[in-house]
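Basis for what follows: all heavy atoms, side chains included, without hydrogens, waters or symmetry-related copies. Chain identifiers are assigned alphabetically (A, B, ...) following the order of the sequence lines, protein sequences preceding nucleic acid strands; residue numbering begins at 1 within each chain.
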Amino acid sequence: AQSVTQLGSHVSVSEGALVLLRCNYSSSVPPYLFWYVQYPNQGLQLLLKYTSAATLVKGINGFEAEFKKSETSFHLTKPSAHMSDAAEYFCAVSDQGGSEKLVFGKGMKLTVNP
Amino acid sequence: DTGVSQDPRHKITKRGQNVTFRCDPISEHNRLYWYRQTLGQGPEFLTYFQNEAQLEKSRLLSDRFSAERPKGSFSTLEIQRTEQGDSAMYLCASSLWALREQFFGPGTRLTVL
């Protein structure tokens, strides 16, 4: 079965600093990978997705992620954090079967300090 | 089209009562998913529909849970005889099959007292 792992639950950065959120996946076949962001009491918004095209994926709000097969990783980065980036971030893998259901990690809460 | 909508946004109920949630997907999307999210966890898959057919149900979906999508449009999720463990955020998402991009609604937060 496919799965993703997000180690830790909370990361804190200063405004203007690099944001790095880690995600490792487990899949026996080439995966489809996603990063979603969730603001308090809201649903999830898609930041970016990897679907086996370019390994460096650019998303919304200045975020990008790099797929590294050798490391089974799909880490999310942003060069310069903004206060509005404070939210919870979820990595997910899409089921390779017909359902395309998403399997999520536990999430990472990002705090941005002024 | 304003995206996926869910109603109500919040529901407080007493243990043993029945509750029903509604999800309106993006109009041209043929797939609709339900997920449950508990505090401090990522969403977990419950069930999904392709058009009006319910094609998969998770083991998380006990006999007290039922979902429908009549006519392949909106969907309802009913929980009978609610328990305190049912307290969670229930998320709905829709997609076009094979595009692998799910759009989420704002969720319904259920509190069972």
Heavy-atom pair count under 4.5 Å with chain B, highest-scoring of A:Gln6, A:Gln38, A:Lys109, A:Lys101 = A:Lys101

B:Arg15 atom CZ: more than 12 heavy-atom contacts under 6.0 Å | no

Strictly by modelled atom types, are B:Gln102 and B:Tyr35 linked by a side-chain donor-acceptor pair under 3.5 Å?
-> yes

Between A:Gly43, A:Ser94, A:Gly98, A:Ser99, which shows the greatest number of heavy-atom pairs under 4.5 Å with chain B?
-> A:Ser99

Could you look at A:Gln42 and say if it's the side chain, the backbone, both or neither that has a heavy atom under 4.5 Å from chain B?
-> backbone

Is chain A contacted by the side chain of B:Gln50, its backbone, both, or neither, given a heavy-atom distance below 4.5 Å?
-> neither

Check whether B:Leu46 gets within reach of chain A through its side chain, its backbone, both or neither, counting any heavy atom under 4.5 Å.
-> neither

Minimal heavy-atom distance between B:Glu52 and B:Lys71, with the atoms involved, is CB-N, 4.1 Å

When the 4.5 angstrom heavy-atom criterion is applied to B:Leu91 and chain A, the contacting part is side chain

Look at the aromatic rings of B:Tyr33 and B:Phe45 and report parallel, tilted or perpendicular, splitting at 30° and 60°.
-> perpendicular

Partner chain A: residue of B:Ser58, B:Gly40, B:Pro43 with the largest heavy-atom pair count (under 4.5 Å) | B:Pro43

In terms of heavy-atom proximity below 4.5 Å to chain B, should A:Leu102 be classed as side chain, backbone, both, or neither?
-> both

Got a sec: does the CG of B:Leu96 have more than 12 other heavy atoms crowding it under 6.0 Å?
-> yes

Within 6.0 Å of CG in B:Leu39, more than 12 heavy atoms from elsewhere | no

Greatest number of heavy atom pairs closer than 4.5 Å to chain A - which of B:Glu101, B:Met89, B:Arg109, B:Glu44 = B:Glu101

Heavy-atom contact with chain B under 4.5 Å, split by part of A:Lys49 = side chain

Between A:Tyr25 and A:Tyr50, does the ring centroid distance fall short of 6.0 Å?
-> no

